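I have placed the structure first, in the form of structure tokens, so that the comments after it can refer back to it.
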Amino acid sequence: MIVRIPPTAPNASDWASTFGADRRGVFTGIRVGDAEQLLRWIEPGSFEMGSPTGELGRFAAEVPVHQVTLAEGFWLGATPVTQQFYEAVTGENPSRFSGDSQRPVEQVSWDEAKAFCEKLTALLAEFDGTSARLPSEAEWEYACRAGSTGPLYSGKALTTETGACPHLDELAWYGENSEGTTHPVGQKQPNDWGLYDMLGNVWEWCEDQWHGNYDGAPNDGSAWIDKQAASGSHRVIRGGGWASHARSCRCAY
């Protein structure tokens with residue numbers, strides 16, 4: 001989830017539940033009722049999107065590798081949306097794995113994710129144009145990589161496609177260590193920009209329509225939308241989830 005806070009918005013003390021900086025950058029928070037969503041500032045920049053030849057576990061859809069330049073930064077959720085925050089915004093909790101409010105919300109369709117962003121935008125309307133939306137696929141991968149170039153944002157290698165991977169265990173809840181369930185957000189190692197659970201735990205929706213490869217993909221970080229495409233109803237998910245193989249929990253998948 002991306003939150004856009006325009007320059008005309010009130011001072012952070014008026015809308016932020018928390019605000020500060022640490023070695024990973026600037027962070028803030030927004031509160032709805034008793035629930036808080038932390039956000040991280042993602043600086044503008046360029047990166048190589050996709051997976052190079054020879055990357056273990058790569059799929060055909062991850063090519064060609066291409067440079068993307070994001071001219072503007074953005075605020076991105078530091079964790080997946082929790083059940084507590086989703087319920088505070090929508091009044092509902094569709095999750096199968098309920099019982100812990102800090103687990104990520106799941107069983108949410110793309111349309112429901114869009115509706116959540118619209119409802120949160122309505123709640124933020126008093127703050128002079130502040131709004132919430134889904135990230136583009138390019139914004140998601142840029143944020144996930146946090147300057148890294150390999151399969152995992154830690155810079156370590158993937159050691160298996162479908163079995164247990166010690167390097168992935170450090171970062172993600174996936175099929176080999178999740179015990180068949182989601183886990184509270186923020187328990188694994190974050191990336192260098194302070195983002196947790198970008199790999200594993202729950203799949204994350206992006207704005208883009210699905211395409212079979214990156215031929216013709218935008219290079220400015222915008223969402224790839226072709227309203228005439230036959231596959232227009234198929235949307236992109238990223239990051240892998242609690243039941244995924246290791247190869248599906250890579251930055252480029």
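Both backbone and side-chain heavy atoms feed into the values below; hydrogens, waters and symmetry mates do not. Computed from a prediction, not measured in an experiment: that's the story for all the values here.
Ser248 places no side-chain N or O within 3.5 Å of a backbone atom of Ser244 that could act as its donor or acceptor partner. Proximity of a side-chain donor or acceptor of Asp169 to a complementary backbone N or O of Ala172 within less than 3.5 Å is not detected. Counting only distance, with no hydrogens or angles, the side chain of His167 and the backbone of Cys165 share no donor-acceptor pair below 3.5 Å. Side chain of Thr18 to main chain of Thr28: no donor-acceptor pair is present (N/O by atom type, distance under 3.5 Å, no hydrogens or angles). One N or O on the side chain of Glu106 and one on the backbone of Arg96 form a donor-acceptor pair closer than 3.5 Å. A donor-acceptor distance shorter than 3.5 angstrom exists from the side chain of Asp197 to the backbone of Gly186, with no hydrogens or angles considered. Not a single donor-acceptor pair under 3.5 Å links the side chain of His183 to the backbone N or O of Asn201. For the pair Asn191 (side chain) and Leu195 (backbone), a donor-acceptor distance under 3.5 Å is present. The backbone N or O of Arg145 sits less than 3.5 Å from a side-chain atom of Ser148, completing a donor-acceptor pair. Using a distance-only test at 3.5 Å, with no hydrogens or angles considered, a donor-acceptor pair links the side chain of Arg58 to the main chain of Pro52.
A salt bridge links Arg133 to Glu139: at least one charged side-chain nitrogen sits closer than 4.0 Å to a carboxylate oxygen. The existence of a salt bridge linking Lys188 and Glu170 is excluded, since no basic side-chain nitrogen approaches an acidic carboxylate oxygen closer than 4.0 Å. Classification of Arg238 and Glu141 as a salt-bridged pair holds, one side-chain N sitting under 4.0 Å from a carboxylate O.
A distance of 10.5 Å separates CG in Asn93 from CD in Gln107, rounded to the nearest 0.5 Å. Between atom CG of residue Leu124 and atom NZ of residue Lys119 there is a gap of 14.5 Å, rounded to the nearest 0.5 Å. Distance CG/Asp226 to CD/Gln209: 6.0 Å, rounded to 0.5 Å. Taken to the nearest 0.5 Å, the CE atom of Met1 stands 8.0 Å off from the CG atom of Leu76.
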Q.
Set out, in order, the CA-CA distance, both residues' side-chain angles and the distance that settles side chain to side chain contact (heavy atoms under 4.5 Å, CB included) for Glu207 and Lys114, then state yes or no.
A. CA-CA 9 Å; Glu207 182 70 24; Lys114 290 278 288 184; 3.0 Å; yes

Q | Evaluation steps, ring pair (Phe, Tyr, Trp, His ring centres under 6.0 Å), between Phe27 and Phe19 | A | CA-CA 6 Å; Phe27 60 88; Phe19 197 90; 7.6 Å; no

Q: Output, in order, the C-alpha distance, side-chain angles, deciding distance and verdict of side chain to side chain contact (heavy atoms under 4.5 Å, CB included) for Gln84 and Glu36.
A: CA-CA 8 Å; Gln84 182 186 36; Glu36 182 181 51; over 6 Å; no

Q: Could you give me the CA-CA distance, side-chain angles and deciding distance for Thr69 and Ser46, then say whether side chain to side chain donor-acceptor pair (under 3.5 Å) is met?
A: CA-CA 4 Å; Thr69 298; Ser46 299; 2.7 Å; yes

Q.
For a side chain to side chain contact (heavy atoms under 4.5 Å, CB included) check, start with the C-alpha distance between Trp224 and Glu137, then their side-chain angles and the critical distance, and finish with the verdict.
A. CA-CA 8 Å; Trp224 193 3; Glu137 185 182 11; 5.8 Å; no

Q: Evaluate side chain to side chain contact (heavy atoms under 4.5 Å, CB included) for Gln37 paired with Val81, printing each intermediate quantity in order.
A: CA-CA 7 Å; Gln37 175 69 55; Val81 173; 4.0 Å; yes

(Q) Please determine whether side chain to side chain donor-acceptor pair (under 3.5 Å) holds for the pair Ser109 and Asp111, giving the CA-CA distance in whole Å, both sets of side-chain angles, and the decisive distance to 0.1 Å. (A) CA-CA 5 Å; Ser109 71; Asp111 288 323; 5.1 Å; no

Q: Might you work through the side chain to side chain donor-acceptor pair (under 3.5 Å) test for Trp140 and Glu204, ending with a clear yes or no?
A: CA-CA 9 Å; Trp140 187 96; Glu204 299 178 3; 2.7 Å; yes

Q) Passes salt bridge (charged side-chain N to carboxylate O under 4.0 Å, His left out), Asp22 versus Arg40? Steps please. A) CA-CA 11 Å; Asp22 58 21; Arg40 283 282 181 175; 2.8 Å; yes

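A continuous path of hydrophobic side-chain contacts links Val26 to Val3 [ILVMFWY only; heavy atoms under 4.5 Å]. Hydrophobic clustering places Phe116 together with Ile30 (ILVMFWY residues linked when any side-chain heavy atoms are closer than 4.5 Å, directly or through intermediates). Clustering ILVMFWY residues whenever any of their side-chain heavy atoms sit less than 4.5 angstrom apart, transitively, puts Val108 in the very cluster that holds Phe85. Taking hydrophobic clusters as Ile, Leu, Val, Met, Phe, Trp and Tyr residues chained together by side-chain heavy-atom distances below 4.5 Å, Val202 does not share a cluster with Met198. No single ILVMFWY cluster, assembled from side-chain heavy atoms under 4.5 Å apart, contains both Tyr196 and Tyr86.
With a 6.0 Å radius and a threshold of 12 heavy atoms from other residues, nucleotides or ligands, Glu179 has its CD atom at or below the threshold. Sparse packing is recorded around CG of Asp34, with 12 or fewer heavy atoms of other residues, nucleotides or ligands lying under 6.0 Å away. For His245, the NE2 atom counts as loosely surrounded, since its 6.0 Å shell holds 12 or fewer non-hydrogen atoms of other residues, nucleotides or ligands.
A ring-ring contact (aromatic ring centres under 6.0 Å, His included) with Trp193 is found for one member of Tyr142, Tyr153, Trp41 and no other, namely Tyr142.
Taking each heavy atom of Leu134 and Cys206 in turn, the nearest pair found is CD1-O, 4.0 Å. Across every non-hydrogen atom of Thr160 and Ala246, the tightest pair is O-CB, 3.6 Å. For Arg250 against Leu56, the heavy-atom pair with the smallest separation is CD-O, 3.5 Å. Residues Cys249 and Leu199 share a closest heavy-atom pair of O-CD1, 3.5 Å. Between Thr159 and Pro166 the shortest heavy-atom distance is OG1-CD, 3.8 Å. For Ala132 against Leu120, the heavy-atom pair with the smallest separation is CB-CD2, 3.8 Å.
Taking the centre of each ring, Phe97 and Trp242 come in below the 6.0 Å mark.
Side-chain atoms of Lys156 and Leu168, non-hydrogen and from C-beta on, never get closer than 4.5 Å to each other. Using a 4.5 Å heavy-atom cutoff, the side chains of Val65 and Glu48 are in contact. Put simply, the side chain of Cys251 reaches to within 4.5 Å of the side chain of Cys144, judged on heavy atoms. Side-chain contact check for Trp205 versus Arg235: some heavy-atom pair is nearer than 4.5 Å. Annotation: side chain of Arg103 is not in contact with side chain of Ser95 (no heavy-atom distance under 4.5 Å).
Residue pairs satisfying the side chain to side chain donor-acceptor pair (under 3.5 Å) criterion with at least one member in residues 71-82, sequence neighbours excluded, are absent.
A cation-pi arrangement is found for Arg247 relative to Phe59, the charged atom lying closer than 6.0 Å to the ring centre and inside a 45° cone about the ring normal.
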